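All of these numbers come straight from a predicted model, not from anything done at the bench.
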Amino acid sequence: MNAELIIIVMALLSIVTAIFYASRVVRIKVGAEGGNVEQNKRLIEIAAAISEGAMAFLLREYRVILLFISFMTVLIFLLLDNPKTVFNEGAYTAIAFVSGALISCLSGFVGMKIATAGNVRTAQAAKTSLSAAFRVAYDSGAVMGFGLIGLAVLGLIGLFMAFTGLNKDIPVHILMESLAGFGLGGSSVALFGRVGGGIYTKAADVGADLVGKVEKGIPEDDPRNPATIADNVGDNVGDIAGMGADLFGSAAEATCAALVIGATASALAEGDNYAALLYPLLISAIGIPASLITSFFARVKENGNVERALKFQLWISTFLVAIGLYFVTDIFMIDSFQIGEQTITKWNVFTSVLLGLFAGMFIGWITEIFTSHSYKPVREVADACETGAATNIIYGLALGYKSSVVPVVLLVIVIVVSNLIAGMYGIAVAAIGMISTIAIGLTIDAYGPVSDNAGGIAEMAELGKEVRDRTDNLDAAGNTTAAVGKGFAIGSAALTSLALFAAFITRAQATSKAMGEGAIDLTSIELLDPWVFGGLLFGAMLPFIFSAMTMKSVGKAALDMVKEVRRQFKEIPGLMEGTAKPEYAKCVDISTSAALREMIPPGLLVLLSPIVVGYFFGVKSLAGMLAGALVSGVVMAISMANSGGAWDNAKKYIEKTAGGKGSDKHKAAVVGDTVGDPFKDTSGPSINILIKLMAITSLVFAEFFVLKGGILLPFFK
C-alpha cells in the first residue's frame, strides 16, 4: 500500500470535512426565522461588530508576523548553508519555514472567520432548542479542528514529496531536518497568536468584569458595558486563532522530531522503507477518519448533559484511534530497526504511541477534576470566597500547584517506558499519539468560545431568559472542555519539547562526528559541567520572566481598559440607564493596540534566547537551557492553567448556588476570576509554545551551533 497516497487522501478528507461543516454553518440565515424584528436587527449589528473587530485585529497581527517571517527566512537561508555540501540546505529549510508559517496563518484566519459567523447563529438557534444551538456551535468548532490538521498533514507530505522530487540525491537526514522548518514556522506564528491574543482577550475581560460586575453590579455581557464587544472579540482572538496555532505547532513539531530521529535509523532511511519512515505522519492521518466517525455521535437532547456529550467525544475518538493504529503499525512499520545500539520492534513503537494517546486522555480527566465545579477542589475554592478575595486566591494557587502532581507523574511514566522500549523515537511518537485526536480535541475546544460568544450576543440582543439559560448551559460545558484542552496542549508540549531536544542532540552529535578533529563529545551531557548547569539554571528562569512579561502586559492593558470604561460610565449621560449607547470601538482599539505592542518583547525573548546561548556559549550550554526551561515550564504551565480555570468555575458555581450574583461572596469570586484570567488564557498556555519553540529553533540551527557556536568559550580556558 502507498503510504504517501493514504496520507494525502486522509488530509484531503479532513479539509473536505471542514468545508462541509463550514457550509452547514453559513447556510443558516441570521434573522430568517421571524420573531422580533428589533431583536434580529440587534443580533446582526452585534455579530458584525464582533466579527469586524476580530478580523481587523488578526489582519494587523499578521502584518507584524509577516515582517518576522521575512527576517527569519533570510536568517535561515544565510546561516544554514553548509559549505561542504553541493546544495544550500538553508533554502529547503526556509521554504519549509515559510510554508509552516503561512499555513498556520491560514488556519487561524479560516477558524476565526467561521467562529465569528457561528456565534450569532448559535444564539439564534438557542431560540429554538438547546440541541439546535449545540449543533451549530459544534459544527463551527469542527471547521477549525478538521481544517487545521488537514492542512498540517497536507503541508508536511507536500513538502516531503516536493523536496524529494526537486533533488533525488538529497540525504534523508538532511531532508527531514529541512522539514523541521515547517514546525518552526507554525510555532512562531503560534507564539505571537497566543501571546497577542491572550493579552487582547484578558485586557478586555478584566476591564469588563472589574468595572461592570464589581463596581456597577451589572450582569456579564450587559450591552451597557463599553468593554463587552472587546471581551467577545477577545474570545475568538485568544481561544480560536491562538489555541489553533498552538496545536498546529504541536502537531507539526512532534511529527518533525520523529522524522528527524527516525532518519538516523538506516533500516528506515535506506531502501524502499519510506512507508515506515513516514509512520509519524500516518499516526496523524489515521486520527482523521477516527475523528470523523466520532463527530457523528455529537448530539444533545433538550435538557441533556452537554458536558458529558463533549467528553464522550474524546473517549470515542481515543479508542477508535487506538484500533486504527494497530492496523497501521502492522501494515506500514517494519518488523524491527536500530537507532544507535537499541533495537526497536514495531510493537515497541505501537506501545509508545498508545502510552501517549491514553496519557493525554487521563491528563484531560485530571484537569477536569481540578477545574470543574462538579468536583470538590473547585467547590473548596468557592467556599473560600466566604472570607473574601484573599483566601480565594490563596486556595486557587494551592489548587494549581497540587494539580500538577498527577499529570507530571503520567508524563514521567510515558517518557521512561517509551524511552526504555523505543528510545527517543518512542517519546517522539508518544507525543504524536497524545494529539492524534486533535481534530476532535480542537473541535470541542473551539466550541467553547463560540458558545461563550453566543451567550454574550443573546444578553446584548436581549433575547430573553430562556435563550440565555440555553447558551449558559453550552458555555458551562465549554469552560470545562477548554480546561481539558489546555491539559492536552501542555502534556503534548512537554513530550514534543523533549522529542525535539532529543532530535537536536542527535543532529548536533552527527554534525560533530563529521567534523573529525575538534569534534564535541555529545554522547552524554554532564550535569556537573558548569556550562551545562549554568544553562540549566538560566533555562529554568525563562518561563518565569516570560510569564512576568505577559502578565504585566495584561495588567497594563487592563488598567487602560478600566479607565476607559469608568470614563464612559461617568461622561456619557444615560449609559447606566440604558438610554445611551457606549463607545465600543474605543475599548476594541485599546485591546488591539496593547496586544500588538506588548506581544513583541516576550516573542523576541523566546526566539533569541536559544540563538544567543548557542552562538556565544555552545551546544552544551544550550542543551542545559532547553532542559531547564522544559522542567520548570511544564509544571508552571499546568499550575497556572488549572488555578485560572478553578477561579473561573468557582465564580460560576457561586452564581448557581447560595450567594448568587451581586453578593459579597460573588464579588470575591470575580476578583479571583480576574486574577486567573491571564493565568489560564495568556501566560499559562503561552509557556507551551516557549518550551517547544526554543527546542525546535535549536534543532533547526543545530548544525550552525556546532560549526560556529561557542565563540566565547576560548576566553574562559
Side-chain angles (χ1 to χ4, degrees), residues 201-222 224-225 227-228 231 234-235 367-403 452 455-456 459 468 472 475-476 478-480 482-483 547 551-552 554-555 557-559 561-563 565-566 569 576 639-684:
T201 182
K202 292 305 112 179
D205 201 358
V206 171
D209 283 356
L210 286 180
V211 181
K213 292 180 184 177
V214 178
E215 295 182 8
K216 297 298 180 181
I218 59 178
E220 187 169 3
D221 298 315
D222 192 294
R224 293 171 291 177
N225 193 327
T228 194
D231 187 10
D235 289 336
T367 304
E368 179 193 350
I369 289 173
F370 279 96
T371 56
S372 171
H373 58 59
S374 301
Y375 300 94
K376 184 180 177 181
V378 172
R379 294 187 179 189
E380 286 181 344
V381 175
D383 291 340
C385 295
E386 290 279 4
T387 49
T391 45
N392 174 30
I393 292 170
I394 291 168
Y395 266 69
L397 287 172
L399 177 147
Y401 298 147
K402 186 178 178 181
S403 71
D452 188 7
E459 181 73 31
R468 184 69 213 225
D472 281 350
D475 184 28
N479 275 333
T480 301
S547 297
M551 291 185 76
K552 189 174 181 180
V554 171
L559 183 63
M561 187 69 71
V562 167
K563 288 178 179 177
V565 175
R566 284 174 177 166
F569 274 116
M576 192 62 189
S639 63
M640 291 182 82
N642 290 347
S643 287
W647 279 318
D648 187 6
N649 282 322
K651 177 198 70 176
K652 287 180 165 54
Y653 180 68
I654 291 170
E655 289 172 351
K656 287 185 173 182
T657 56
K661 294 181 180 180
S663 64
D664 288 341
K665 187 176 180 180
H666 182 249
K667 288 180 179 178
V670 171
V671 173
D673 180 33
T674 53
V675 171
D677 277 336
F679 272 54
K680 68 181 175 66
D681 290 322
T682 308
S683 301

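Side-chain atoms of Met551 and Thr682, non-hydrogen and from C-beta on, never get closer than 4.5 Å to each other. A 4.5 Å side-chain heavy-atom check between Val565 and Asn225 finds at least one atom pair inside the cut-off. Between Asn392 and Val671, every side-chain heavy-atom pair lies at or beyond the 4.5 Å cut-off.
Remark: Lys651 NZ to Asn649 CG distance equals 9.0 Å, nearest 0.5 Å. Going from atom NE2 of His373 over to atom CD1 of Ile654 covers 10.5 Å, rounded to the nearest 0.5 Å. Here the NZ atom belonging to Lys667 is positioned 13.5 Å from the SG atom belonging to Cys385, to the nearest 0.5 angstrom. Expressed to the nearest 0.5 Å, how far CG of Asp677 lies from CG of Asp231 amounts to 8.5 Å. If you take NZ on Lys402 and OG on Ser643, they are separated by 12.5 Å, rounding to the nearest 0.5 Å. Put simply, CD1 on Ile393 and CG on Asp673 are 11.0 Å apart, with the number rounded to the nearest 0.5 Å.
Under the salt bridge (Lys or Arg N to Asp or Glu O under 4.0 Å) criterion, Glu368 pairs with Lys311, not counting sequence neighbours. Partners of Lys652 according to the side-chain hydrogen bond (donor to acceptor under 3.5 Å, both in side chains) rule, which considers only residues two or more places apart in sequence or in another chain, are Asp648. With sequence neighbours excluded, the residues satisfying side-chain hydrogen bond (donor to acceptor under 3.5 Å, both in side chains) with Asp681 are Lys202, Lys486. Under the side-chain hydrogen bond (donor to acceptor under 3.5 Å, both in side chains) criterion, Thr674 pairs with no residue, sequence neighbours left out. Every side-chain hydrogen bond (donor to acceptor under 3.5 Å, both in side chains) that Arg468 has, sequence neighbours left out, goes to Glu459, Asp472. Partners of Tyr395 according to the ring-ring contact (aromatic ring centres under 6.0 Å, His included) rule, which considers only residues two or more places apart in sequence or in another chain, do not exist here.
The nearest pair of heavy atoms linking Phe569 to Arg224 is CZ-O, 3.7 Å. The shortest heavy-atom contact between Lys665 and Glu386 is NZ-OE2, 3.4 Å. The nearest pair of heavy atoms linking Ala208 to Ala227 is CB-CB, 3.8 Å. For the pair Gly388 and Ala668, the tightest heavy-atom approach, listed with the atom from each and the gap, is C-CB, 3.5 Å. Residues Ala646 and Thr371 share a closest heavy-atom pair of N-CG2, 4.2 Å. Ser547 and Ser683 get closest at one heavy-atom pair: O-OG, 3.5 Å.
With hydrogens and angles ignored, the 3.5 Å screen pairs a side-chain donor or acceptor of Ser663 with a backbone N or O of His666. Using modelled atom types, no side-chain atom of Ser639 and backbone atom of Tyr401 make a donor-acceptor pair closer than 3.5 Å.
Using the six-membered ring where Trp is involved, Phe679 and Trp647 have ring planes that are perpendicular, over 60° apart on the 30 and 60° scheme.
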Trace of the side chain to side chain contact (heavy atoms under 4.5 Å, CB included) decision for Lys680 with Met640: CA-CA 6 Å; Lys680 68 181 175 66; Met640 291 182 82; over 6 Å; no
